[in-house]
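Read the structure below first, then the notes.
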Protein chains: 2
Amino acid sequence: MSWSGRLSLAPPTLADVAERAGVSRQTVSNAVNNPELLRPDTLARVQDAINELGYLPNRAARNLRTRASHMIGLKFNPAQEGTANAAMDRFVHTLVETSGESGYHILLFSDTTDDPLGGYDDLLRSTAVDAFIVTDTYLGNPQAAWLTAQRAPFVAFGRPWDNPRASHAWVDVDGAAGTELATRHLLDKGHTRIAWIGWRKDSFIGEDRRSGWARAMHERDLPTTGLASRVEDTVASGRDAASALLDEAHPSAFVCASDTLAMGVLHALGDRGIYWGKDVAVVGFDDSQVAQVVPGGLTSVRQPLEQVAVELVKALEGLLSTPPVMGPGVLLSPTLAVRMSSG
Amino acid sequence: MSWSGRLSLAPPTLADVAERAGVSRQTVSNAVNNPELLRPDTLARVQDAINELGYLPNRAARNLRTRASHMIGLKFNPAQEGTANAAMDRFVHTLVETSGESGYHILLFSDTTDDPLGGYDDLLRSTAVDAFIVTDTYLGNPQAAWLTAQRAPFVAFGRPWDNPRASHAWVDVDGAAGTELATRHLLDKGHTRIAWIGWRKDSFIGEDRRSGWARAMHERDLPTTGLASRVEDTVASGRDAASALLDEAHPSAFVCASDTLAMGVLHALGDRGIYWGKDVAVVGFDDSQVAQVVPGGLTSVRQPLEQVAVELVKALEGLLSTPPVMGPGVLLSPTLAVRMSSG
DNA sequence: GGCGGCTTCTGGATCGTTCCAACGTGAGGA
DNA sequence: TCCTCACGTTGGAACGATCCAGAAGCCGCC
């Protein structure tokens with residue numbers, strides 16, 4: 001039943017329902033928010049009225065009174081053109097669904113200026129959102145510290161690398177475990193000369209992922225010197241790095257910090273007429289769409305983004321409850337999507 | 001200057017600013033919303049007070065009074081796994097930026113149920129959003145008709161294919177022009193046997209894109225019979241279709257309705273040891289990340305998604321102004337991103 | 001029957017903003 | 001001097017929900 005068929009344009013209010021049910025406004029409010037306070041027969045009468053009128057609480061009024069917006073702010077960082085990293089998609093979808101089940105909606109914003117704090121401040125001060133989900137926790141990003149100082153509730157996707165004593169809630173994926181998984185997979189296939197192509201040294205995430213590769217190699221007493229390269233996250237860089245490694249270190253397999261770099265390796269192999277998967281194995285990171293549809297398929301470490309979203313919402317619910325409950329950081333394990341590029 | 005440094009936890013209100021500036025609340029409100037009503041010296045005094053206190057209007061209160069939320073609802077449809085279609089990303093980013101400049105925020109939602117109207121109704125009735133942007137205008141989707149019946153303001157990304165007399169605002173990309181561009185590009189390269197792989201016949205968008213290919217072919221008096229295939233939008237379907245066409249019609253080039261299908265063609269060519277770009281040319285549709293990073297690069301029709309977002313916001317602004325202004329539908333032209341797969 | 005104690009329900013106040021009607025002020029004309 | 005008029009400014013009411021204190025109803029117990 002919908003109010004849209006009625007003559008009046010305005011949606012029904014609490015008072016309309018109260019009048020129809022023959023009770024006071026407060027009783028209707030209780031029926032909606034604290035049904036257990038009502039006598040069963042009263043509750044039934046009120047709910048009938050609600051259904052007949054198609055009543056739904058006005059969010060603005062509720063927000064004003066409760067000083068909460070039931071919105072969660074998310075800065076939308078688009079994937080860079082020419083890279084394979086469109087993981088945002090899968091993540092955001094689950095985030096929207098999960099938060100919706102908890103009564104929260106996702107509000108997107110972006111920084112128009114170069115200021116990494118752009119957008120956060122305005123939304124917070126205008127009480128447009130109750131909390132934030134912060135995703136870009138790269139080195140030196142001041143968001144976490146700033147939000148903490150503002151006492152703004154937020155949860156981070158990503159560990160506080162540069163401040164181990166940071167007190168905010170976070171959820172992250174164990175990148176080292178992912179590359180270790182990838183490297184072991186290649187070792188089990190019989191490879192011994194496994195190269196690493198990752199990001200520049202100032203990337204905590206890159207170094208973390210690299211450590212997984214190194215750990216798996218050292219575990220089997222295999223050397224890593226001369227087998228690692230650290231470059232920018234572009235296809236061209238990956239291609240150049242792979243080319244240099246092929247010339248100098250003759251690896252039979254590559255583990256990469258991203259699918260973008262892995263695609264660079266495929267380029268380099270293609271340049272030399274080497275078949276990937278058969279002659280040389282390649283593993284990427286992110287299980288992007290590119291990994292899934294490239295001819296043959298690219299083996300790739302898959303982050304449990306759906307699970308990350310669920311954990312983030314869970315943490316936010318704790319943070320926004322009264323009294324606030326703060327769980328410890330959550331570290332999830334990735335899996336490996338095996339395709340032809342690794343045999 | 002921020003209020004966060006102050007002792008009181010609550011943000012400053014209009015009344016606080018009014019007191020500090022020595023004027024009434026309404027005058028502050030006017031300073032914010034209708035500055036031209038104030039005498040310059042009063043305006044300056046009020047603005048000083050606003051800056052000193054770091055005042056920003058409370059959105060809930062404003063929304064309640066003005067009966068508007070300044071939010072735009074967008075149903076977030078995630079790309080399917082295993083396809084190359086992650087165009088949402090580029091589109092959403094510009095949408096967030098553009099709408100932000102007009103004072104609107106993007107609210108994401110998703111349908112938890114199978115009901116295509118899921119989510120729309122609740123948001124509308126609870127006055128959580130002022131309008132919607134509808135993106136999935138596939139055949140038989142009742143959203144547009146339903147929203148029209150509810151008198152809910154909305155703008156569609158996609159033409160009202162199944163109802164040419166639909167009265168709502170829309171923005172779309174001329175798919176036929178895109179495939180025509182692609183086909184001409186191949187014709188200019190000397191190809192004459194150019195095949196088409198598209199979607200099943202019940203897809204209006206698919207048939208539109210197909211018509212561009214057919215038009216370009218007929219323009220040069222080239223045959224199209226036996227050169228077209230209509231399948232599902234998966235890599236495997238594209239591969240099978242390409243394989244069959246290669247056997248039966250011996251095309252030297254393919255134009256596809258999506259990058260996903262084009263990747264299927266690349267698979268089929270790879271299976272036969274045919275070099276794409278050199279022996280057989282391939283053009284996709286969407287300029288996805290896959291097209292950009294696949295070895296050699298896939299030539300692809302690029303939709304002006306940024307421009308679409310801008311036009312959508314422009315149309316929404318008209319719709320939400322008083323009185324509402326409804327422009328005609330807007331049809332934008334795609335471009336062609338040429339890469340190695342077409343020579 | 002009267003009275004505390006518990007549940008259930010009520011009316012008024014409140015959140016922070018904008019709408020509305022009315023008010024004070026100063027310039028200009030009679 | 002008085003009146004008109006326009007401009008700038010003001011206080012009260014309203015938006016629709018929830019919080020709060022208290023009233024009404026109901027129970028059993030003395």
Side-chain angles (χ1 to χ4, degrees), chain A residues 3 8-47 49-50 53-71 103 124-128 130 322, chain B residues 3 8-47 49-50 53-70 103 122 124-128 130 322:
Chain A
W3 51 269
S8 82
L9 235 77
T13 71
L14 208 64
D16 296 333
V17 178
E19 193 185 4
R20 183 166 193 122
V23 295
S24 75
R25 301 191 317 275
Q26 182 58 41
T27 302
V28 179
S29 176
N30 282 336
V32 174
N33 299 307
N34 304 88
E36 74 280 3
L37 290 179
L38 299 200
R39 225 170 33 208
D41 60 324
T42 314
L43 180 59
R45 209 166 71 243
V46 173
Q47 277 179 334
I50 288 179
L53 293 175
Y55 168 77
L56 228 60
N58 179 304
R59 294 185 69 102
R62 170 178 280 182
N63 293 348
L64 174 60
R65 188 63 246 232
T66 60
R67 301 168 163 283
S69 66
H70 297 278
M71 296 262 171
L124 200 57
R125 300 222 318 265
S126 65
T127 62
D130 292 344
T322 42
Chain B
W3 52 269
S8 81
L9 236 79
T13 70
L14 256 189
D16 297 332
V17 178
E19 194 185 1
R20 182 167 194 120
V23 295
S24 72
R25 300 190 318 275
Q26 181 58 38
T27 301
V28 179
S29 176
N30 283 336
V32 174
N33 300 307
N34 304 88
E36 73 281 3
L37 290 180
L38 299 200
R39 226 172 30 211
D41 60 324
T42 314
L43 180 59
R45 209 166 69 244
V46 173
Q47 278 180 334
I50 289 179
L53 293 177
Y55 168 76
L56 228 61
N58 179 305
R59 293 185 69 103
R62 170 177 279 183
N63 293 348
L64 173 60
R65 187 66 246 231
T66 60
R67 300 169 162 284
S69 67
H70 298 277
D122 289 356
L124 200 57
R125 299 219 322 262
S126 66
T127 62
D130 293 345
T322 44

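Each chain gets a letter, A, B and so on, in the order the sequences are listed, and its residues count up from 1. Just so it is clear, the model here is predicted, and its values are computed rather than measured.
Taking only side-chain nitrogens and oxygens, B:T27 comes nearer than 4.0 Å to OP1 or OP2 of D:dT10.
Remark: B:S29 OG to B:R65 CZ distance equals 10.5 Å, nearest 0.5 Å. Here the straight-line distance linking atom CZ of B:R59 with atom OG1 of B:T66 works out to 10.0 Å at 0.5 Å rounding.
As a whole-Å value, the separation of B:R59 CZ from C:dT17 P is 13 Å. Atom CG in B:D16 sits roughly 9 Å away from atom P in C:dG16 (whole-Å rounding). The separation between A:R39 atom CZ and C:dC6 atom P is 19 Å, rounded to whole Å. For B:E19 and D:dT10, the CD to P distance is 13 Å, given to the nearest whole Å. Following rounding to the nearest Å, A:R45 (CZ) and C:dC9 (C1') show an atom-to-atom distance of 11 Å. Regarding B:N30, its CG atom lies at a distance of 9 Å from the P atom of C:dT18, rounded to whole Å. In this structure, the CG atom of A:L37 is 20 Å from the P atom of D:dA24, given to the nearest Å. Rounded to a whole Å, the CZ atom of A:R125 is 13 Å from the P atom of C:dT17.
A donor-acceptor pair is defined here as one N or O able to donate and one able to accept, closer than 3.5 Å; no such pair exists between the side chain of A:N34 and the backbone of A:L37. Counting only distance, with no hydrogens or angles, the side chain of B:R45 and the backbone of B:A21 share a donor-acceptor pair below 3.5 Å. Using a distance-only test at 3.5 Å, with no hydrogens or angles considered, a donor-acceptor pair links the side chain of A:S69 to the main chain of A:D130.
Inter-residue side-chain proximity for A:N63 and B:N63 is flagged as unmet; no heavy-atom pair is nearer than 4.5 Å.
Annotation: of the two residues near DNA chain D, A:L56 and B:T42, the 5′-most nearest-nucleotide partner is B:T42.
Across B:D122 and A:L56, no two heavy atoms sit closer than the pair O-CD2, 3.5 Å.
Among the protein residues, B:N33 comes within range of the sugar-phosphate backbone only, with heavy atoms under 4.0 Å from sugar or phosphate atoms but none that close to a base.
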Distances under 3.5 Å between protein N/O atoms and the N/O atoms of nucleotides 11-16 of chain D, please, pair by pair.
{"from": "D:dG12", "atom 1": "O6", "to": "B:R25", "atom 2": "NH2", "distance (Å)": "3.4"}
{"from": "D:dA13", "atom 1": "N6", "to": "B:R25", "atom 2": "NH2", "distance (Å)": "3.2"}
{"from": "D:dA14", "atom 1": "N3", "to": "B:R65", "atom 2": "NH1", "distance (Å)": "2.9"}
{"from": "D:dC15", "atom 1": "O3'", "to": "B:R67", "atom 2": "NH2", "distance (Å)": "3.1"}
{"from": "D:dG16", "atom 1": "OP1", "to": "B:R67", "atom 2": "NH1", "distance (Å)": "3.3"}
{"from": "D:dG16", "atom 1": "OP1", "to": "B:R67", "atom 2": "NH2", "distance (Å)": "2.7"}

